[in-house]
Amino acid sequence: MGGGRKRGRSQRRHFKQERENVWKDNPRRPPASAGEGGEGNGWQPFATENLAFEAYYKGQQIVPEEEWDAFMSMLRKPLPAAFRINASCQFYQDICSQLENDFRKSLESEVSDDHEKEAIRPLAWYPGNLAWHLNFSRMQLRRNQALESFHEFLKQENEVGNITRQEAVSMVPPLFLNVQPDHHILDMCAAPGSKTFQLLEMIHQSTKPGVLPTAMVVANDVDVQRCNLLIHQTKRMCTANLIVTNHEAQNFPGCSLAKFCPEACAESKLQRLEFDRILCDVPCSGDGTARKAPDMWRTWNIGMGNGLHRLQVEIAMRGIGLLKVGGRMVYSTCSMNPVENEAVVGEILRRCGDSVELLDVSNELPELIRRPGLRTWKVRDRASWLGSHNDVLHYRKNAILPSMFPSGKGTTDSCTVGGSVEVNINAVDADMNESGDMVEGKEETKIATSDSNNGDNANTEEIKQDESESVKVSRGSDEKTDSASIVTEHSNLPLHRCMRIIPHDQNSGAFFIAVLQKLSPLNESLVVEVMKGERSTSKDKALKCSNGQGSDTVPAEEISVQQPGVDDTHVLVEQQNRDMDTEISKDKSSEEAKVVAGEAQNDQATRRDKRKTQNQGRWRGVDPVIFFKDEATIRSIVSFYGIKDSFALEGHLVTRNPDTNHVKRIYYVSKSVKEVLDLNLKVGERLKITSLGLKIFERQSSKEGSPCTFRLSSEGLPLLLPYITKQILYASAIDFQHLLQYRIIKFPDFVDAKFGEQASALLQGCCVVILREGHEDLESIGMDPSAIAVVCWKGKTNLCVMVTPMDGRELLERISFRFGLKIPKVDDGKPDLKSDDGSDEQPDGGAETVDPDCVPESKASEDMDISDVKDTE
């Protein structure tokens, strides 16, 4: 077992230990002048060389030989920045106009690349001119003084959700999903969330104000910390059609009433959790991001792609199992390695047979420059080129799998566990692999080893071995390193339908995309038959080992136990990526297996008893999802705000607190999300939900009291606005502007005296202020998608705006751009906020001006008091 350092998934490690930004923090680089775009004459670029990398991809013939120099030259340049406009946001037309008419012209003088004629331009292949390419890297945007205003614009619009800063090629996979308004979509490896946000944009783009799409997105990630990053990213969308889950993608649970709750089948509309579209953007070596993350040149080694191949196949097969017949799945990586790309797609097609088709999408996005997938390639292992699995040394056959080669054929002496005939139970349709005994987030898992599993590139010794062998690559000291002399296989599968995006084709990063369609259910009988054979083989080998027969080394894949006390966010953390060559004595291996299995059985019995006493919260450390059914509270909310009956509240409100007397937030979920929640509860909460829905109401108390204890949430206001009939004020442009600038204004200080009187007449508590500029019919203003409104708090003597400072600044700029208003400084034209006794008020600096939306939820009490601005004594 060894006493070395415990290793986890690469994505978890990279998230905790943020990758160094070498473009930004190179101590050898002198300060750049503004006129040189951030690159001084004396600046020496980061070392962008890796001999093993160059030898590997030259041997794989990723590009023709005559293009090699152009390919490598482009890889060594910093990646131009890109962003996408959120077409479902309220101001997207204003933002498009601002880019076209203002920034595009003002930045003309900043063109610094010989390949680019424009400083900024829309990406021709992205629909609607919503995605934009910049002729500047991220470092140049930060350092060039001439770009300061544009950089601030990008940061602010990204923060409020009007744009998303994302690598251009990363926007491609969701486009090939062909998302429709009624689709259920799964993003299997979603963090950090840019593609998830893009999917949400697609389903919301054509909806009207107050109307939710029938589509739904489930965003999943294995790491709970990355889930938090995912939640932060998607929170900017303000959607009720999203569920965030925390599972291993290859073990994503199925939810079937027929299997787990057959008595409820007749009364439930949704019988089984399946998806119309699945985005399978798997963990990969990431060498296609070398322009964005140049540290890749230092860390890349041959073992990275080989070590992830098995996990990528398992995730993709699980995705196929969860896909509806007729549904479409996009498999993608940001790697150029055929072992992670075409080899995985080929293995999917071999396992699924006629049930899955690799689609030809060459007629979609015609302006996107892409190249066909490879049909022949080699595998490199420890400084040796391998043309087929026959070339693999016997002791390496568990690490170098037959599925890595174009034909997918293994040798007769290869282990079943490591060969291409290995069929993980996850590959079957959605419910064949579910255990009915999932308790508190602890799932059955296999102790897996080899340099192939769950995110880590390889173990430490393997990486060192690969790095040392890279010297041999450059010197050509071994005949086996001569790729030209290797006889390679040729795949008979239509892998040319895959797509490769090459950096020098359109000044981008590298990406791989394959579009798969499920034509019929998987052949379950064949899968089960192979699976039974695999299990019997494992049992026989384990028995021989315990009796002192056979090999002294027991492959750890053959020992299947129930891990005690292991949450599925940490499954396989310690077991993955150990070297298959490490020899374990037969006595020690069998004894340890017996001990662990015994402990697992005892722990499982204890947890079953504990589960019977629990009504909520199957997952440790995760708050349960509870449908909010407090009728008295709901009636008071409906009465106070005059919410129309046409807005469905019953069954759509959820909380994360089972104690209704202490609920702080109420979330709204769409009909499609509600059906999934109903199904999940009936099957025993198999989904580990970390976030869902749209925060629509929030508990708020006041020293002066209010008829309603829940205020409106800024996130939920756009959805609810068309249905509110009470607590509404219509402000002129100047008064609306003053509210956003000064945040608290006394009733007599409004420019429009009538507006101040109307505000004073409202019931004390939460209210909505709508900008009436540009609207003649105030009765229907709430249904107008261009209507601008904010949540405020009406006190005894004043009106307090309840939006974050960032949102307030954004609204001010949007109003200024749309209506041509001048935004004075805070001191210019500030209303006279003197109290009756002559003392000065401090509305923008006192404690009373604190906006609850601005304070992190972990630190702020939801019962924060909001009182009127008091006279200074």
Side-chain angles (χ1 to χ4, degrees), residues 57 60-68 70-75 77 79-80 82 84 115-116 121-133 166-179 194-195 198 202 277 279-282 284-292 305 312 316 328-346 348-349 357-377 406 491 493-517:
Y57 281 116
Q60 295 287 16
Q61 298 180 353
I62 295 296
V63 296
E65 188 174 352
E66 60 271 15
E67 296 183 31
W68 180 256
F71 169 70
M72 291 302 299
S73 176
M74 185 61 73
L75 271 182
K77 293 182 179 180
L79 181 71
R84 185 184 63 257
H115 299 280
E116 297 287 346
R121 59 177 172 82
L123 291 168
W125 49 264
Y126 200 97
N129 285 349
L130 293 174
W132 287 70
H133 169 97
Q166 182 182 1
E167 185 179 352
V169 290
S170 179
M171 305 178 195
V172 175
L175 295 177
F176 284 106
L177 281 174
N178 190 24
V179 171
S194 297
K195 296 184 185 68
Q198 188 176 356
M202 292 176 178
R277 297 290 186 267
L279 179 59
C280 187
D281 189 55
V282 297
C284 65
S285 60
D287 52 31
T289 66
R291 298 184 67 188
K292 181 175 65 175
Q312 291 163 340
R328 178 181 286 198
M329 184 179 87
V330 169
Y331 174 86
S332 63
T333 74
C334 54
S335 169
M336 297 180 284
N337 195 339
V339 173
E340 302 178 72
N341 297 333
E342 287 88 353
V344 174
V345 175
I348 295 170
L349 296 176
E357 178 186 8
L358 178 60
L359 296 181
D360 181 1
V361 291
S362 56
N363 60 335
E364 299 181 25
L365 302 182
E367 297 190 22
L368 175 67
I369 302 176
R370 84 291 297 267
R371 303 193 182 198
L374 304 178
R375 300 187 70 173
T376 180
W377 63 88
S491 175
L493 298 170
L495 297 180
H496 62 282
R497 296 178 180 175
C498 300
M499 293 170 283
R500 283 181 165 267
I501 299 177
I502 305 300
H504 66 284
D505 282 342
Q506 47 198 355
N507 194 10
S508 66
F511 229 79
F512 174 86
I513 302 122
V515 184
L516 301 155
Q517 185 170 17

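These figures come from a predicted structure and were not determined experimentally.
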Please name the pair of heavy atoms, one in P406 and one in R375, separated by the smallest distance, quoted to 0.1 Å.
CB-O, 4.0 Å
With sequence neighbours left out, the residues meeting side chain to side chain donor-acceptor pair (under 3.5 Å) with N337 are Y56
Side-chain contact test, heavy atoms from C-beta onward, threshold under 4.5 Å: evaluate it for L177 versus M202 and give yes or no.
no
Please enumerate all residues that pass side-chain contact (heavy atoms from CB on, under 4.5 Å) together with T333, with sequence neighbours excluded.
V282, C284, Y331, S335, N341, F512
Shortest non-hydrogen contact from L374 to P338?
CD1-CB, 4.1 Å
Would the number of heavy atoms belonging to other residues, nucleotides or ligands and lying under 6.0 Å from CD of E65 be above 12?
no
Could you go step by step and tell me if L516 and R328 meet the side-chain contact (heavy atoms from CB on, under 4.5 Å) rule?
CA-CA 6 Å; L516 301 155; R328 178 181 286 198; over 6 Å; no
Mind running side-chain contact (heavy atoms from CB on, under 4.5 Å) on V515 and M499 for me, showing each step along the way?
CA-CA 9 Å; V515 184; M499 293 170 283; 4.1 Å; yes
Trace of the side-chain contact (heavy atoms from CB on, under 4.5 Å) decision for W68 with Y57
CA-CA 10 Å; W68 180 256; Y57 281 116; 4.0 Å; yes
To the nearest 0.5 Å, what is the distance between NE2 (H496) and CG (L358)?
8.0 Å
d(L368 CG, L123 CG) to nearest 0.5 Å is 9.5 Å
Return the minimal non-hydrogen interatomic distance between S332 and I513, and the atom names on each side.
CB-CG1, 4.3 Å
Can you run down the salt bridge (charged side-chain N to carboxylate O under 4.0 Å, His left out) pairs that involve residues 499-512, sequence neighbours left out, and say none if there aren't any?
E342-R500, R371-D505
side-chain contact (heavy atoms from CB on, under 4.5 Å) partners for E367, two or more places apart
A124, W125
Applying side-chain contact (heavy atoms from CB on, under 4.5 Å), run through R277 and N178 and close with a yes or a no.
CA-CA 8 Å; R277 297 290 186 267; N178 190 24; 4.3 Å; yes
Is any side-chain heavy atom of M72 less than 4.5 Å from a side-chain heavy atom of V63?
no
How about Q517: does its CD atom have over 12 heavy atoms from other parts shown lying under 6.0 Å from it?
yes
Of the non-hydrogen atoms in E340 and S285, which two are nearest, and what is the gap between them?
OE2-OG, 2.6 Å
To check you understand the geometry: which heavy-atom pair defines the closest contact between K195 and P173, and what is its length?
CE-CG, 4.2 Å
Among all residues two or more places apart in sequence or in another chain, which pass the side chain to side chain donor-acceptor pair (under 3.5 Å) test with E167?
K292
I'd like to check P174 versus V179 (side-chain heavy atoms, cut-off strictly below 4.5 Å). Are they in contact?
no
Measuring from atom CE of M336 to atom CD1 of I501, what distance do you get when rounded to the nearest 0.5 angstrom?
12.5 Å
Kindly write out the residues that satisfy salt bridge (charged side-chain N to carboxylate O under 4.0 Å, His left out) with R497, not counting sequence neighbours, or none if the list is empty.
E357
Can you name the closest pair of heavy atoms from R370 and S362 and give their distance?
NH1-CA, 3.7 Å
